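What follows is one structure encoded as structure tokens, with my remarks underneath.
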Protein chains: 2
Amino acid sequence: MSSTKQTADSGSGSSSRRAELLALAGTLFAERGFKSTTVRDIAEEAGILSGSLYHHFDSKESMADEILRSFLDELFGTYREIVARELGPRKTLEAVVATSFEAVHNHHDEVAIFQNEAKYLVQFPRFAYLAERNAEFHELWTSILAEGVRTGAFRADLDVELTYRFIRDTVWVAVHWYKPAGSLSAEDIADEYLGIVLDGIAARRGRRPVRKSAG
Amino acid sequence: MSSTKQTADSGSGSSSRRAELLALAGTLFAERGFKSTTVRDIAEEAGILSGSLYHHFDSKESMADEILRSFLDELFGTYREIVARELGPRKTLEAVVATSFEAVHNHHDEVAIFQNEAKYLVQFPRFAYLAERNAEFHELWTSILAEGVRTGAFRADLDVELTYRFIRDTVWVAVHWYKPAGSLSAEDIADEYLGIVLDGIAARRGRRPVRKSAG
DNA sequence: GTCTATAACTAGATAGAC
DNA sequence: GTCTATCTAGTTATAGAC
């Protein structure tokens, strides 16, 4: 994750500096938005002047492009592995949700950028792949849900399209409040979240013995 | 809501023009974000030049301020009415969710601005009330959930704080895909959403078969 | 690899004519 | 109520010195 991709590096690491700058830019893009982050902001964060950034990158767009491309390649690689395991709809949904919360944990900035800036960035031709990735998301989720309805794992009256949106949004929107250093791990949150989505928040009468007193 | 506040209107309505301009600005703020929307964009949308906007408003910030203030006053007024009815946790939750989806329907731009831009705007002193409104939201939702856990309406093992975030986010994030002209009304969506949150998407063995139609 | 200097352009806001 | 004209400041990006 840090020493790949350089061409003929002399040793101290021009490409690690590159990765360092990308990480700083990513954090700022995530916090303030792509358009609101200036190249001077990024340079200042790195302790250099804005002109010096152009020794490493073509443009501000290139930075966002590089950040998003590598993140999405990795994420969808993992999704494809999960689907290939053919665990059945419920287990697949659980695994995909868990992976997504892990991404919120391990690639917080990238998820935030993808969530918040994709709509703006996709208008530029070089970011056309963002629309493809969104379509891929849609296909992934709706086929899991539709299969679950077919096999009886999920309720027969589910509106698959609407349910897809709710699940997708709730998972990713966690990036707005999730703090990697917080008391709850990504796994804890995924578990709690799956509890709500699968079984609801209403108390059950006669099943799970979780309630305490009056009904 | 449209003919208040003008000083000595000559008849054709300087304040309706004002409302018109605010609506245009609101749509742009919602679509592109506050910072990315230029006063020239707004003026162009209105068919005038940027300088002319300053006859109606002090600044770009004033426009966002006015939009958010009136919307939030109305929304929280409705929330307070619901709470005052003392319907019990489950019915209160249903009413608050329904009201929120109605807001997504009736005040789409305002909800989007509040969702997407509050974090940025709140840094300016004049938008300090946004932080207060967020705290009010938190109080509203967590007391409904906590009471529900206490009375046994909701699962005893709920993490109230986490559940609050999930519900809050899922409701508001709908603003990103909800189209007022779409086939599903805000009420349809609120129903489907409440079905998921209250009872989950997993099929039940031997209990309530479904909520409304098919069996 | 970073800095200085600057070009080319975009932004919010103002003043006064019409 | 809108336009013309303009100011000031900020923004991306470039070129060449060190």
Side-chain angles (χ1 to χ4, degrees), chain A residues 2 5-25 28-29 31-67 117 120-121 123-127, chain B residues 2-3 5-26 28-29 31-67 117 120-121 123-127:
Chain A
S2 62
K5 194 179 235 179
Q6 73 265 48
T7 49
D9 204 340
S10 47
S12 81
S14 69
S15 91
S16 81
R17 178 61 167 157
R18 188 187 173 79
E20 207 178 321
L21 294 170
L22 270 186
L24 290 173
L28 291 175
F29 291 158
E31 281 173 0
R32 311 181 187 176
F34 175 77
K35 187 142 186 199
S36 300
T37 302
T38 70
V39 294
R40 286 205 254 266
D41 292 336
I42 302 167
E44 189 183 18
E45 203 76 9
I48 59 179
L49 292 183
S50 65
S52 309
L53 266 184
Y54 290 84
H55 173 73
H56 303 274
F57 303 97
D58 283 357
S59 65
K60 193 170 82 161
E61 273 183 33
S62 302
M63 296 188 228
D65 192 14
E66 206 164 313
I67 291 168
E117 311 302 324
Y120 169 75
L121 293 172
Q123 76 185 291
F124 303 108
R126 81 183 296 169
F127 288 101
Chain B
S2 63
S3 64
K5 193 176 237 182
Q6 73 265 46
T7 47
D9 203 340
S10 47
S12 79
S14 69
S15 91
S16 80
R17 177 60 166 160
R18 187 188 175 79
E20 206 178 322
L21 293 170
L22 270 186
L24 290 173
L28 291 175
F29 291 158
E31 281 173 359
R32 310 181 188 176
F34 175 76
K35 186 141 186 198
S36 299
T37 302
T38 70
V39 294
R40 286 184 175 81
D41 291 337
I42 302 167
E44 190 185 16
E45 203 74 8
I48 59 178
L49 292 182
S50 65
S52 310
L53 268 184
Y54 289 85
H55 173 73
H56 303 274
F57 304 97
D58 283 357
S59 65
K60 194 169 82 161
E61 272 182 35
S62 302
M63 295 188 227
D65 193 15
E66 205 164 315
I67 291 168
E117 311 301 325
Y120 170 74
L121 293 172
Q123 76 185 290
F124 304 109
R126 82 183 295 169
F127 288 101

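Note that this is a predicted model, so its numbers are computed, not measured.
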Is any side-chain N or O of [X] closer than 4.0 Å to OP1 or OP2 of [N]?
{"X": "His55(A)", "N": "dT2(C)", "result": "no"}
{"X": "Arg18(B)", "N": "dG1(D)", "result": "no"}
{"X": "Ser52(B)", "N": "dC3(D)", "result": "yes"}
{"X": "Tyr54(A)", "N": "dA13(D)", "result": "yes"}

Would you kindly give the [atom1]-to-[atom2] distance between [X] and [N], to the nearest whole Å?
{"X": "Phe57(B)", "N": "dG12(C)", "atom1": "CZ", "atom2": "P", "answer": "15 Å"}
{"X": "Glu45(B)", "N": "dT2(D)", "atom1": "CD", "atom2": "C1'", "answer": "18 Å"}
{"X": "Lys35(A)", "N": "dC9(C)", "atom1": "NZ", "atom2": "P", "answer": "17 Å"}
{"X": "Glu44(B)", "N": "dG12(C)", "atom1": "CD", "atom2": "C1'", "answer": "16 Å"}
{"X": "Leu53(A)", "N": "dT14(D)", "atom1": "CG", "atom2": "P", "answer": "13 Å"}
{"X": "Ile42(A)", "N": "dT2(C)", "atom1": "CD1", "atom2": "P", "answer": "14 Å"}
{"X": "Phe29(A)", "N": "dT12(D)", "atom1": "CZ", "atom2": "C1'", "answer": "12 Å"}
{"X": "Glu20(A)", "N": "dT2(C)", "atom1": "CD", "atom2": "C1'", "answer": "14 Å"}

Within this structure, what is the [atom1]-[atom2] distance for the pair [X] and [Y], rounded to the nearest 0.5 Å?
{"X": "Leu22(A)", "Y": "Arg17(A)", "atom1": "CG", "atom2": "CZ", "value": "11.5 Å"}
{"X": "Glu117(B)", "Y": "Arg32(B)", "atom1": "CD", "atom2": "CZ", "value": "12.5 Å"}
{"X": "Leu24(A)", "Y": "Thr37(A)", "atom1": "CG", "atom2": "OG1", "value": "12.0 Å"}

Is there a donor and acceptor pair, one atom on the side chain of Arg40(B) and one on the base of dG12(C), closer than 3.5 Å?
->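 Indeed, a donor on one side and an acceptor on the other fall under 3.5 Å apart.
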
Would you name the heavy atoms of Ser36(A) and Asp41(A) that are closest together and state the gap between them?
->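 Smallest heavy-atom distance, with atoms named: O-OD2, 3.9 Å.
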
Want to know the stems of DNA chain D: at least 3 consecutive Watson-Crick or G-U pairs with distances under 3.5 Å, which are they?
->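 So the stems come out as C:1-10 with D:9-18, C:12-18 with D:1-7.
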
When we call it a touch if two heavy atoms are under 4.0 Å apart, what does Ser62(A) touch: a base, just sugar-phosphate, or nothing?
->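 Contact class for Ser62(A): none.
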
Using a heavy-atom cut-off of under 4.0 Å over every strand shown, decide if Leu49(B) touches base, sugar-phosphate, or nothing.
->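 Touches a base.
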
Quick one: does NZ or CZ of Lys60(A) land under 6.0 Å from the six-membered ring centre of Phe34(A), within 45 degrees of the ring axis?
->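 Lys60(A) over Phe34(A) ring: yes.
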
What's the closest nucleotide to the Thr38(B) side chain, out of dG12(C), dG1(D), dT12(D)?
->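 Given the options dG12(C), dG1(D), dT12(D), the side chain of Thr38(B) is closest to dG12(C).
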
Does a salt bridge link Glu66(A) with Arg18(A), judged by any charged N lying under 4.0 Å from a carboxylate O?
->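 Judged by the 4.0 Å cut-off on N to carboxylate O distance, Glu66(A) and Arg18(A) do form a salt bridge.
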
Should Ser62(A) and Asp65(A) be marked as a side-chain hydrogen bond (donor to acceptor under 3.5 Å, both in side chains) after you check the CA-CA gap, both sets of side-chain angles, and the distance that decides it?
-> CA-CA 5 Å; Ser62(A) 302; Asp65(A) 192 14; over 6 Å; no

